[in-house]
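All values below come from the heavy atoms of this structure, side chains included, with hydrogens, waters and symmetry mates left out. Just follow the structure's listing: the first ligand is 1, and inside any ligand the first atom is 1.
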Amino acid sequence: MDAELFGQVLDAVRDFVRKEVVPREAEIDERDEIPAEIRDKAAELGLFGWALPEEYGGLGLGMAEDVRLAIELGHTTPAFRSLFGTNNGIAGQAIVHHGTPDQRTRWLPRLAAGQAIASFALTEAEAGSDPGGLTSRAVRDGDRYRLSGTKRFITNAPLAEVFVAFARTDPDSTGSRGISAFLVPAGADGVTVGPHDAKMGQAGAWTSEVVFDDVELSADALVGEEGKGFGIAMASLARGRLHIAALCVGMAERALAEAVEYARTARQGGRVIGEYQLVQALLAESHAELAAGRAMVHEAAAKYDSGEDRKLGPSSAKLFCTEMLGRVADRAVQVHGGMGYVRGVTVERIYRDARLFRIYEGTSEIQKLVIARQLLKD
Ligand SMILES: Cc1cc2nc3c(=O)[nH]c(=O)nc-3n(C[C@H](O)[C@H](O)[C@H](O)COP(=O)(O)OP(=O)(O)OC[C@H]3O[C@@H](n4cnc5c(N)ncnc54)[C@H](O)[C@@H]3O)c2cc1C
């Protein structure tokens, strides 16, 4: 995107996040729901399609722009980003890069406009860190497939109009081979979305179990080549990892700002607590780690855009920034003392919200394996 235009998009998003979403984040946390007017304004700003191509109505942002946007989105509840995260990320990217021209024309304009939500359905009870262990099956029946299986923790499933679902098409295959990706309309016979999971944090972002019970799909529901679904899932996740790392940088900026403000104003022993050097150490450590994470994200994004590295950088950035945010959020709670443990205080919410990032889109342990394997391969 043209630099001046991108600057305007970033300013508009920053303004909206800080003036209209931040004041309502406690309400979102309490009611476990994003208000309809916030969803509508997000659609107006183009947020449902920031990473989707311009020809389909998206903003077509590259990775360097994506991370700058994600840092801004990190300044409020991550449930806000989650609402349009799957359209741009894990689900939307699979359609952009592997969908047929018909699939792209049918879905991408509606996803970019926020008229439809797409979810990414890969995880199963015994196939989370090891998606190659999935047991969902799609059996070919003439010019159709019949899909059966149970997915869990699927973000935006209760809102989704379409699922990018992964199932084994080769019954004799094991591991990453023989898996295919399909576009499954949420309204198809045999699709059941369970109740929202009651989560530790990120209230307002919904996940559910999704059951596919002998769902009949026409052959044109296949995304990419039959048997190549695992690669499609991994490529979508790599881009998502860098985006999540940047979001964590934004959340750490917010947590640190809250801690600095508290340290400047709260008093103990007749002095503001910011005058105590042990409190200063908590702030200084967080600032240094945050600066490292921010630099890492921008460098990884530049290498992603140039094509130099789309694997090591995203995984390293996700590993470091999600763990960094955990430490920064923990210190922000510590700076607040007892107030940091009270519901309704921003750092208490950030502490709970932050925990998810070390688990989903590949746990920290899995990022370490991805990084080490890549190093040894190179
Ligand atoms: C809120 C939320 C939203 C999500 N959204 C989606 C979504 O939209 N779509 C989707 O498909 N999935 C989604 N997920 C699933 C998520 O990606 C998985 O939860 C995650 O990958 C971990 O898998 P698991 O829960 O099965 O845990 P497990 O894989 O069972 O992990 C348990 C522990 O074992 C460790 N472990 C597992 N295997 C290894 C190994 N080989 N080496 C070392 N350690 C290992 C893990 O690191 C972890 O510490 C979501 C999850 C949550 C909680």
Side-chain angles (χ1 to χ4, degrees), residues 29 32 34 77-95 111 117-136 147 149-168 175-176 179-184 186 193-212 223 229-230 232-241 243-244 247-248 314-315 318-319 322-323 326 349 352-373:
D29 193 42
D32 189 18
I34 305 288
T77 165
F80 174 58
R81 184 220 64 104
S82 186
L83 181 63
F84 37 81
T86 51
N87 276 21
N88 287 288
I90 45 183
Q93 293 302 316
I95 305 175
L111 297 185
I117 285 184
S119 277
F120 177 87
L122 177 67
T123 302
E124 300 176 2
E126 292 191 19
S129 293
D130 174 28
L134 63 78
T135 57
S136 290
L147 168 67
T150 300
K151 303 292 182 177
R152 69 172 177 181
F153 304 140
I154 306 308
T155 300
N156 287 333
L159 302 169
E161 211 172 291
V162 66
F163 293 99
V164 178
F166 295 84
R168 205 168 279 291
S176 60
I179 293 171
S180 302
F182 295 92
L183 286 183
V184 185
V193 176
H196 310 172
D197 299 318
K199 308 191 305 320
M200 172 196 292
Q202 303 211 6
W206 295 342
T207 60
S208 293
E209 182 178 86
V210 180
V211 179
F212 301 116
V223 181
F230 191 84
I232 295 175
M234 292 308 112
S236 288
L237 285 166
R239 181 177 172 135
R241 284 169 183 165
H243 173 82
I244 293 294
L247 184 74
C248 289
S315 277
K318 184 184 186 269
L319 173 63
T322 57
E323 299 276 344
R349 176 187 56 73
R352 283 183 289 114
D353 288 353
R355 191 61 186 85
L356 176 62
F357 296 115
R358 289 149 64 190
I359 297 171
Y360 80 170
E361 300 207 14
T363 64
S364 290
E365 292 73 28
I366 295 304
Q367 302 311 327
K368 287 178 193 172
L369 298 181
V370 171
I371 296 163
R373 280 185 196 139

Donor-acceptor contact below 3.5 Å, side chain Asp353 vs main chain Gln202: yes
Any donor-acceptor pair under 3.5 Å from Arg358 side chain to Glu365 backbone: no
Taking all atoms of both residues into account, what is the closest heavy-atom pair of [X] and [Y], and its distance?
| X | Y | answer |
| --- | --- | --- |
| Thr155 | Ser82 | CG2-OG, 3.4 Å |
| Pro131 | Gly128 | CD-O, 3.4 Å |
| Phe120 | Ile90 | CD1-O, 3.4 Å |
| Thr322 | Cys248 | CG2-SG, 3.8 Å |

Distance below 4.0 Å between [atom] and any protein heavy atom?
| atom | value |
| --- | --- |
| atom 29 (O) of ligand 1 | yes |
| atom 3 (C) of ligand 1 | yes |
| atom 34 (O) of ligand 1 | no |
| atom 50 (C) of ligand 1 | yes |

Top protein contact for atom 39 (C) of ligand 1, by heavy-atom distance: Ile366 CD1, 4.0 Å
Protein contact of atom 43 (C) of ligand 1 - nearest heavy atom, named by residue and atom, plus distance: Glu365 CB, 4.1 Å
Under 4.0 Å from a heavy atom of [X]: give me the atoms of ligand 1 that qualify, with their elements.
| X | answer |
| --- | --- |
| Leu122 | 11 (O) |
| Thr363 | 22 (C), 46 (C), 47 (O) |
| Thr207 | 1 (C), 2 (C), 3 (C) |
| Glu361 | 17 (O) |
| Lys199 | 1 (C) |

Ligand 1 contact on Thr155 by region, counting heavy-atom pairs under 4.0 Å: both
Structural part of Leu369 in contact with ligand 1, heavy atom criterion under 4.0 angstrom: side chain
Contact check: Ser129 vs ligand 1, nitrogen or oxygen atoms, below 3.5 angstrom: yes
With Thr86 via side chain to side chain donor-acceptor pair (under 3.5 Å) - residues at least two apart: Asn156
Which residues share a side chain to side chain donor-acceptor pair (under 3.5 Å) with Asp197, sequence neighbours left out: Thr207
Give the single entry among [options] that approaches [atom] most closely by any heavy atom.
| atom | options | value |
| --- | --- | --- |
| atom 21 (O) of ligand 1 | Ala165, Gly128, Ala125 | Gly128 |
| atom 20 (C) of ligand 1 | Ile359, Leu237, Asp130 | Ile359 |
| atom 13 (C) of ligand 1 | Phe120, Phe163, Phe153, Phe166 | Phe153 |
| atom 1 (C) of ligand 1 | Asp197, Leu356, Leu134, Thr123 | Leu356 |

Gap separating the CG atom of Leu319 from the CD1 atom of Ile366, nearest 0.5 angstrom: 11.5 Å
Test item: Val193 and Trp206 side chains (from C-beta on) under 4.5 Å apart, heavy atoms: no
Evaluation steps, ring pair (Phe, Tyr, Trp, His ring centres under 6.0 Å), between Phe166 and Phe230: CA-CA 8 Å; Phe166 295 84; Phe230 191 84; 8.8 Å; no
